[in-house]
Amino acid sequence: MRFRFFQAAVVAALSVFVAFPAAQGPTAASYTVVTRTGRQPLAVRVVNGQEMFSLDDLARLFALTVRDDTLAGGITVSANNQTIVMTPQQPLASIGGRMISLPAAPVREGRTWLVPVDFVARALAPVSQQRIELRKPSRLLLVGDVRIPRVAARSEALGAVTRVTVDVAPATPHTVSQEGTRLLLRFDADALDIGDIRITPGDVLQGLHPGDSPSILAFDLGPRFASFRVSDQPPPAPNAGRVVVELLAQTEAAPGGQPNAVPPGQPPPAEPPLLDLPSPGGLRTIVIDPGHGGDDPGAKGANGTLEKNVTLAIARKLKASLESRLGVRVMLTRESDQNISVDQRAALANNNKADIFLSIHASASVRPGTSGAEVFSLIAGDDAARAGQGTSESLPVLGGGNRDIQVIPWETAQARFLDQSASLARTLAAALREHVAMSPRALVQAPLRVLVGANTPAALVETGFLTNPAQEKQLAGDDYQNAIVVALVDGIVRFRAAGAGAAR
Ligand SMILES: [Zn+2]
């Protein structure tokens, strides 16, 4: 419906559209595009106070096809078989019929178009198969699986101890070593997004700045520096970490004692985060369940692709992506090709107080034409009880055939999470729809045994149909698996942003 309206607007715009060349606006500091293979600048133009990227630059970076629709006066941007449509009249874009707003309309400059920098986050990121993250405060554009935690630091002089508090989000493993007159705080990351550094230079600590390698924060030590100690302190927020480095001064330089000296090793008082951290919405632990495994291969494609292998590959990628993007703890119910009972899977989630339980599967149908992703949550109450009666071990599948998941009588663990689980499933289905084709029944409530025992919001994703030859090929390949992962991470981010998650 909304897409039709948009098309009408494009047509109406035809008669009044004149391509005003943009005034040569001032340039602003460029963004830095960071990928696994390197970094490069991305120029920014300022038009009417709006920072904009050139669509030509974005097309080169992200392999986009940009077409001027001269008849309609619009612009179409194609990426991954998805099309973004814009017009120069409106601060809007249509992505496959879904409208998103932009802070300003596109502007023509010479032979290219300029689009607001937010275009990247709002329009391009949702259609991309790789992660695209726009960090406006630090003018970074992260592409793919790069780990660039945000870091901020502050120092306090406490007599013989200079205490440096470093916050890092997400929490990131780190080491500290002394090299000559420098102390190097090295993070297990590709680079650091260094924010506020507030230190008072003295004769123990003279400076704090990025090190020679991009994952290092370097402390310049002063002439009175004697030794240091490092401790991990309680995190300032669930999605961040806090490292405290105490620098101890040589004591002989202060005859007569130091009345204000604080003994080293004293934990600093709880302080607010040094970083501006988004609310984590209560998400700390996510349990991902790669379906089947061991003696149970699950569904099988005509070319021999086994569901158990597809689910494990997707689950591993999802774990890595969730950990780097959300800073949450992610556990897999199985790490390898092993037998795990359905009840053990939910138990792992419960034992670890998971905030989300997500089971990953791939479907089978007697109709090879059936394809697309589906998301299941547990059905409520009497319907579940009825559906669960008997000993049937599979669910009928739309179009014939059977689903490979057991059906069981109603139990209570999942009962109080039914609404949240339905909301999680809806959010995941909406996010999936932006990245992959969905089956005609994309969102289903069903009595699935693996979800029943989960004492947390829980959903099951059928990532596609292995019985469809084209989809079997997709499911076995990186591109489709990555698209599923990007979609599920987006969905979980939105679920979190909505304040959902288990209240504990
Ligand atoms: Zn399955």
Side-chain angles (χ1 to χ4, degrees), residues 63 78-83 95-98 126-131 288-293 296-319 321 334 337 358-377 394-405 425-446 448 450 459-492:
S78 307
N80 293 320
N81 302 322
Q82 299 206 57
T83 304
I95 306 169
R98 187 175 65 94
V127 302
S128 174
Q129 294 195 339
Q130 55 190 346
R131 164 199 179 208
I288 308 292
D289 172 41
H292 311 277
D296 168 17
K300 186 177 174 182
N303 283 316
T305 306
L306 299 180
E307 181 184 357
K308 66 175 181 178
N309 296 334
V310 170
T311 60
L312 186 58
I314 292 174
R316 284 179 174 152
K317 288 179 171 151
L318 184 56
K319 172 181 160 77
S321 185
R334 65 180 176 96
D337 185 12
L358 190 57
S359 191
I360 307 289
H361 287 258
S363 299
S365 166
V366 288
R367 291 192 179 176
T370 308
S371 72
E374 303 169 333
V375 185
F376 290 76
S377 65
S394 57
L395 275 177
V397 171
L398 186 73
N402 288 306
R403 188 166 298 284
D404 56 282
I405 297 158
R426 264 197 311 277
T427 310
L428 293 176
L432 279 165
R433 192 179 290 285
E434 293 168 14
H435 294 268
V436 300
M438 301 302 283
S439 105
R441 50 163 208 177
L443 191 58
V444 193
Q445 288 195 306
L448 303 181
V450 71
L460 184 149
V461 176
E462 293 278 9
T463 51
F465 282 79
L466 278 169
T467 40
N468 178 297
Q471 189 127 62
E472 178 188 2
K473 206 170 167 186
Q474 285 183 318
L475 282 163
D478 276 336
D479 284 355
Y480 189 82
Q481 290 182 0
N482 289 339
I484 292 276
V485 166
V486 167
L488 293 178
V489 173
D490 278 359
I492 288 171

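None of the values given here were measured: they were computed from a predicted structure.
In this structure, R433 has no salt bridge (Lys or Arg N to Asp or Glu O under 4.0 Å) partners at least two apart in sequence or on a different chain. Partners of D337 by salt bridge (Lys or Arg N to Asp or Glu O under 4.0 Å), not counting sequence neighbours, listed by chain and number: K308. Every side-chain contact (heavy atoms from CB on, under 4.5 Å) that R426 has, sequence neighbours left out, goes to A422, S423, L443. The side chain to side chain donor-acceptor pair (under 3.5 Å) search around Q481 returns K317, not counting sequence neighbours. Q471 is linked by a side-chain contact (heavy atoms from CB on, under 4.5 Å) to S371, F465, N468, Q474, L475, Y480, counting only residues two or more places apart in sequence or in another chain. Residues passing the side chain to side chain donor-acceptor pair (under 3.5 Å) test with R334, sequence neighbours excluded: T311. Among residues two or more places apart in sequence or in another chain, the side-chain contact (heavy atoms from CB on, under 4.5 Å) test is passed with A431 by D490, R494. With sequence neighbours excluded, the residues forming a side-chain contact (heavy atoms from CB on, under 4.5 Å) with S359 are D289, F357, H361, V450, L460, listed by chain and number. E472 is linked by a side chain to side chain donor-acceptor pair (under 3.5 Å) to T305, counting only residues two or more places apart in sequence or in another chain. Taking D296 as the reference, H292 meet the side chain to side chain donor-acceptor pair (under 3.5 Å) condition, with sequence neighbours excluded.
The minimum heavy-atom distance linking T370 with S365 is given by the pair OG1-OG, 3.5 Å. The two atoms that bring A299 and A362 nearest to each other are CB-O, 4.0 Å, heavy atoms only. Considering all non-hydrogen atoms of both residues, A487 and H435 come closest at CB-CD2, 3.6 Å. In terms of heavy-atom proximity, V489 sits nearest to S321 at CG2-OG, 3.5 Å. Of all non-hydrogen atoms in V375 and A459, the two that sit nearest each other are CG1-CB, 4.3 Å.
One distance of note links CG of N303 with NZ of K473; it measures 9.0 Å at 0.5 Å rounding. Taking CG from L312 and CD from E307, the interatomic distance works out to 12.0 Å, rounded to the nearest 0.5 Å.
Of the listed residues (V310, I314, D479), just one forms a side chain to side chain contact (heavy atoms under 4.5 Å, CB included) with I484, and that residue is I314.
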Query raised in the report: So L358 and L318, side-chain contact (heavy atoms from CB on, under 4.5 Å) or not? Walk me through it.
Result: CA-CA 11 Å; L358 190 57; L318 184 56; 4.1 Å; yes
Requested in this report: Mind running side-chain contact (heavy atoms from CB on, under 4.5 Å) on I360 and L488 for me, showing each step along the way?
Outcome: CA-CA 11 Å; I360 307 289; L488 293 178; 3.9 Å; yes
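Using a distance-only test at 3.5 Å, with no hydrogens or angles considered, no donor-acceptor pair links the side chain of E462 to the main chain of E374. Q82 contributes a side-chain N or O that, together with a main-chain N or O of E434, makes up a donor-acceptor pair within less than 3.5 Å.
Counting only heavy atoms from C-beta outward, the side chains of T83 and S78 approach each other to under 4.5 Å.
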